[in-house]
Amino acid sequence: VQLQASGGGLVQAGGFLSLSCAASGRTSGSYSMGWFRQAPGKEREFVARISGSGGATYYADSVKGRFTISRDNAKNTVYLQMDSLKSEDTGVYYCTAGTRWSSGRWASDYWGQGTQVTVSS
């Protein structure tokens, strides 16, 4: 599975951005998809996950109520709508596939190349 993320950029605090991730290769609507992020000098962290059907979503507490993950299986694309952005949302955002809770942490089988999101305060 290949993942291509897009939509990152620079935005002021309180603003919004929408990320997209196109999946190709051995794709299937049964794959759960997700987003992770990594801020400068910090470990990579889980952001959101959506089930293969799109019927179940999970969010990190830090983004709950502000971010929305969705998918369009006909287009093999997953989205991350980010509203009310804060400076602490700054980082490189990675699209993932095969995202699951395993051994006490979120893990993924496939990773995209990442897209930079910068929120200025």
Side-chain angles (χ1 to χ4, degrees):
V1 176
Q2 292 78 48
L3 303 169
Q4 182 69 45
S6 61
L10 173 65
V11 64
Q12 289 188 332
F16 63 92
L17 277 176
S18 182
L19 305 182
S20 299
C21 176
S24 60
R26 186 182 176 185
T27 58
S28 169
S30 65
Y31 273 117
S32 61
M33 304 284 289
W35 292 92
F36 287 68
R37 68 186 181 188
Q38 186 167 21
K42 294 187 177 180
E43 292 187 354
R44 193 160 51 191
E45 64 175 356
F46 168 80
V47 174
R49 182 254 194 191
I50 188 167
S51 61
S53 67
T57 56
Y58 303 87
Y59 297 93
D61 288 342
S62 58
V63 306
K64 201 172 294 183
R66 299 187 298 120
F67 290 11
T68 303
I69 189 171
S70 62
R71 66 188 298 162
D72 184 339
N73 284 347
K75 297 181 178 179
N76 288 326
T77 301
V78 65
Y79 306 95
L80 186 68
Q81 176 66 35
M82 305 184 293
D83 297 321
S84 303
L85 283 162
K86 305 175 181 179
S87 57
E88 51 262 46
D89 294 319
T90 294
V92 177
Y93 282 68
Y94 298 90
C95 173
T96 64
T99 306
R100 63 198 180 281
W101 181 256
S102 175
S103 301
R105 65 183 182 89
W106 287 100
S108 292
D109 296 323
Y110 303 95
W111 295 78
Q113 86 288 357
T115 184
Q116 177 70 44
V117 171
T118 303
V119 183
S120 63
S121 57

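Basis for what follows: all heavy atoms, side chains included, without hydrogens, waters or symmetry-related copies.
Residue Leu85 holds its CG atom at 6.5 Å from CZ of Arg66, rounded to the nearest 0.5 Å. With rounding to the nearest 0.5 angstrom, the CZ atom of Phe67 is 8.0 Å from the CG atom of Leu19. Going from atom CZ of Arg71 over to atom OG of Ser32 covers 7.5 Å, rounded to the nearest 0.5 Å. In this structure, OG on Ser51 lies 7.5 Å from OH on Tyr58, to the nearest 0.5 angstrom. Taking CG of Leu3 as the start and OG1 of Thr77 as the end, the distance is 10.5 Å to the nearest 0.5 Å. The distance from atom CD of Gln38 to atom CD of Glu43, rounded to the nearest 0.5 Å, is 8.5 Å.
Under the 4.0 Å criterion applied to side-chain N and carboxylate O atoms, Lys64 and Asp61 are assigned as salt-bridge partners.
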### Gln4 vs Ser6, side chain to side chain donor-acceptor pair (under 3.5 Å): CA-CA, chis, key distance, verdict
CA-CA 7 Å; Gln4 182 69 45; Ser6 61; over 6 Å; no
### Task
Start with the C-alpha distance between Ser87 and Ser121, add both sets of side-chain angles, then the distance that settles side chain to side chain donor-acceptor pair (under 3.5 Å), and finish with yes or no.
CA-CA 6 Å; Ser87 57; Ser121 57; 5.1 Å; no
### Task
Could you please spell out the steps behind the side-chain contact (heavy atoms from CB on, under 4.5 Å) verdict for Val63 and Arg37?
CA-CA 11 Å; Val63 306; Arg37 68 186 181 188; 3.8 Å; yes
### Query
Could you walk me through whether Met82 and Ser84 pass the side-chain contact (heavy atoms from CB on, under 4.5 Å) check?
CA-CA 7 Å; Met82 305 184 293; Ser84 303; over 6 Å; no
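Listed by first then second residue, pairs satisfying salt bridge (Lys or Arg N to Asp or Glu O under 4.0 Å) with a partner in residues 103-112 read Arg100-Asp109, not counting sequence neighbours.
Under a 3.5 Å cut-off, the side chain of Thr90 and the backbone N or O of Val119 do form a donor-acceptor pair. Using modelled atom types, one side-chain atom of Asn73 and one backbone atom of Gly52 make a donor-acceptor pair closer than 3.5 Å. Between the side chain of Thr115 and the backbone N or O of Gly8 there is at least one donor-acceptor pair closer than 3.5 Å.
Residue Leu10 is found outside any hydrophobic cluster, as its side-chain heavy atoms come under 4.5 Å of no other Ile, Leu, Val, Met, Phe, Trp or Tyr.
At a threshold of 4.5 Å between non-hydrogen side-chain atoms, the residues Ser20 and Lys75 do not count as touching. Contact of the Val11 side chain with the Phe16 side chain is not registered, since no non-hydrogen atoms from C-beta on lie closer than 4.5 Å. Side-chain contact between Leu17 and Asp89 is absent, with no heavy-atom pair separated by less than 4.5 Å.
A continuous path of Ile, Leu, Val, Met, Phe, Trp and Tyr side chains, each step under 4.5 Å between heavy atoms, connects Met33 with Val1, placing both in one hydrophobic cluster. Linking ILVMFWY residues whenever their side-chain heavy atoms come closer than 4.5 Å, directly or via other members, leaves Tyr31 and Phe36 in distinct clusters. The hydrophobic cluster containing Val92 does not contain Ile69, counting ILVMFWY residues as joined when their side-chain heavy atoms lie under 4.5 angstrom apart, directly or transitively. In terms of hydrophobic clustering, with Ile, Leu, Val, Met, Phe, Trp and Tyr side chains grouped at heavy-atom distances under 4.5 Å, Tyr79 and Val47 are assigned to different clusters.
Note: Trp101 and Trp106 have perpendicular aromatic rings, judged against thresholds of 30 and 60 degrees for the angle between ring planes.
Residues satisfying the side chain to side chain contact (heavy atoms under 4.5 Å, CB included) test with Lys42, not counting sequence neighbours, are Ala39.
Considering every non-hydrogen atom in both Tyr59 and Ala48, the closest pair reads CD2-CB, 3.7 Å. Nearest heavy-atom pair, Phe46 versus Ala60, reported as atom, atom and distance to 0.1 Å: O-CB, 3.4 Å.
Exactly one of Thr96, Val78, Ile50, Thr99 qualifies for a side chain to side chain contact (heavy atoms under 4.5 Å, CB included) with Trp35. That residue is Val78.
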